[in-house]
Amino acid sequence: MAAKSSTSESKSKTTAKPKTSENYWLLKSEEAVFSIQDLAKAPKKTTCWDGVRNYQARNFLRDSFKLGDLIFYYHSNSEPSAIAGIAEVVKEGYPDHSAFDPDDVHFDPKSDKAKPTWYMIDVKHVETFKKPLPLELLRQIPGLSEMALLQKGSRLSVQPVTAKEWKIITELAAKQ
DNA sequence: GCCAACGTTGGC
DNA sequence: GCCAACGTTGGC
C-alpha cells in the first residue's frame, strides 16, 4: 500500500478480549511514506491503516482482521524491501473516512458514506526488528516458498500469513 | 460479458 | 527508470 496520512482515531481500550483464533497478516507500506519507525513515533504508537483501494485487501480488513491479530510490517519499494517488524490490530474494520475527503489522495467519489466501499483498521507498533529481513533473505528459506509475499506478481498490500510462516520469520528475526 | 486500453504496484 | 504483472474501466 502506499500513502498513509492521518493518525489514529481509536480509543484504546485495554480490556483483554478472549481470543478465539489468532490470525497473522502482512501489511505493506513504503518506507519513505510511512515506515515502522513512523508508526513507533505515532501517538499511542497507533495509526489507522487508510488508503487501501483493492477489493481483496478491503475484504480482509473489513471481515477478517481481529483484535490482537499480529502483523508483519513490510517496507515495499525500499532499499532493500524487507519485513521491518511487528504490529498488532487494535481496532477492527471500520469505514475508511479518507475515501470521503476530496482533498485526500485516496478520495473515492464513488464511496457512499451510508454504504462505504472502503474499510480500514487501526494498528499499533509492537516491535521493530534489530535487522529488517530483506526479500532476498526470505527467498532463501525453503519453508517460505509458498508465502504470498514471495509469489511472482504478488502485489496485494494486505496478505494473510500462516502460523508456520509466522514462526519461521519471527525465529529468524530473533537470531539476527 | 468480452477484452483492449489504461493505471498502478513494486522488484530489479 | 524500466517493465512485468495485475486490477479496473468502459466501449461494444
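Just so it is clear: chains get the letters A, B, ... in the order the sequence lines come, proteins before strands, and each one is counted from 1.
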OP1 or OP2 of C/dC6 under 4.0 Å from side-chain N/O of A/Y55: no

Test item: A/S154 side-chain N/O and A/A148 main-chain N/O as donor-acceptor pair under 3.5 Å: yes

Length of the line joining A/R53:CZ and C/dG7:P, which is rounded to integer Å: 18 Å

Between protein and nucleic acid, restricted to nucleotides 1-4 of chain C and to nitrogen or oxygen atoms under 3.5 Å apart, what atom pairs and distances do you find?
none

Residue pair A/L135 / A/Y74, side-chain heavy-atom distance below 4.5 Å: yes

Whole angstrom value for the distance that separates C1' of B/dG11 from CD of A/E30: 12 Å

Carboxylate-amine/guanidinium proximity below 4.0 Å for A/E171 and A/K175: no

A/H97 side chain to A/K113 backbone, donor-acceptor under 3.5 Å: no

Nearest-neighbour nucleotide for the A/R139 side chain, C/dG7, B/dG11, C/dT9 considered: B/dG11

B/dG10 OP1/OP2 closer than 4.0 Å to side-chain N/O of A/K28: yes

Side-chain N,O (A/K110) to OP1/OP2 (C/dT8) below 4.0 Å: no

Nearest-Å distance for atom pair CD/P, residues A/E31 and B/dG10: 14 Å

side-chain N/O A/S81 vs B/dG10 OP1/OP2, d < 4.0 Å: no

Whole-Å gap separating P (B/dG10) and CG (A/L156): 9 Å

Salt-bridge criterion met for A/R58 and A/D96 (N-O under 4.0 Å): no

Any donor-acceptor pair under 3.5 Å from A/E88 side chain to A/L70 backbone: no

Nucleotide B/dC12, atom C1' - distance to NE2 of A/H75 in whole Å: 19 Å

Rounded distance (Å) that lies between atom C1' of B/dG10 and atom CD1 of A/I83: 15 Å

Parallel, tilted or perpendicular: ring planes of A/W49 versus A/F34, cut at 30 and 60 degrees: perpendicular

Whole-Å gap separating P (C/dG7) and CG (A/N59): 13 Å

Gap between atoms CG and C1', on A/L149 and C/dA5 respectively (whole Å): 15 Å

